[in-house]
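Single-structure report; data block below.
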Amino acid sequence: DRKALKAQKQREKLDEEIAKNQAKADELARVLRVKREAVKRLDRSIANSHDDAKRARTERSEVHSQTMSQNRKNKRKVHVVKGRSSSSDSSSSSDSSSSSSS
């Protein structure tokens with residue numbers, strides 16, 4: 001009878017320990033799930049910021065190439081305008097001098 005009582009107490013102790021361990025396991029599983037979700041959110045956030053940075057670099061690059069293209073066009077225009085303006089200035093000054101002399 002004593003052995004049965006001792007075995008019963010040991011079983012109850014083991015059952016309590018099992019219950020405690022199960023509670024710990026449940027809590028750890030919950031924590032792990034929460035942390036995995038946080039990691040997924042961070043991964044998405046990082047991916048989005050990489051996309052944003054890439055988009056910004058692309059936009060800067062496009063603006064830069066447009067600016068450089070516009071600068072090249074403007075330089076060509078300046079040369080053309082200078083050539084025309086210098087020739088038109090001389091012709092207009094000769095026209096004005098010829099009109100005033102006649």
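One is the number of the first residue; the rest follow in order along the sequence.
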- Output for pair (Gln66 CD, Lys73 NZ), nearest 0.5 Å, gives 9.5 Å

- Message: Quick check: do Asp52 and Arg55 have side-chain heavy atoms less than 4.5 Å from each other?
- Response: yes

- Message: Nearest 0.5 Å, please: how far is CG in Asp51 from CD1 in Ile46?
- Response: 12.0 Å

- Message: I want to check something: taking the side chain as every heavy atom from C-beta on, are Arg36 and Arg33 in contact at a cut-off of under 4.5 Å?
- Response: no

- Query: Is a donor on one side and an acceptor on the other found under 3.5 Å between the side chain of Ser65 and the backbone of Ser61?
  - Reply: yes

- Message: Would Asp26 and Arg30 count as a side-chain contact (heavy atoms from CB on, under 4.5 Å) here? Give the steps.
- Response: CA-CA 6 Å; Asp26 291 345; Arg30 188 191 66 77; over 6 Å; no

Name the atoms and distances for all side-chain donor-acceptor pairs under 3.5 Å in residues 5-18, with sequence neighbours left out.
unit_1 : atom_1 : unit_2 : atom_2 : d
Gln8   : OE1    : Arg11  : NH1    : 2.9
Gln8   : NE2    : Glu12  : OE2    : 3.3

- Message: Quick one: does any side-chain atom of Ser45 pair with a main-chain N or O of Arg41 as donor and acceptor, under 3.5 Å?
- Response: no

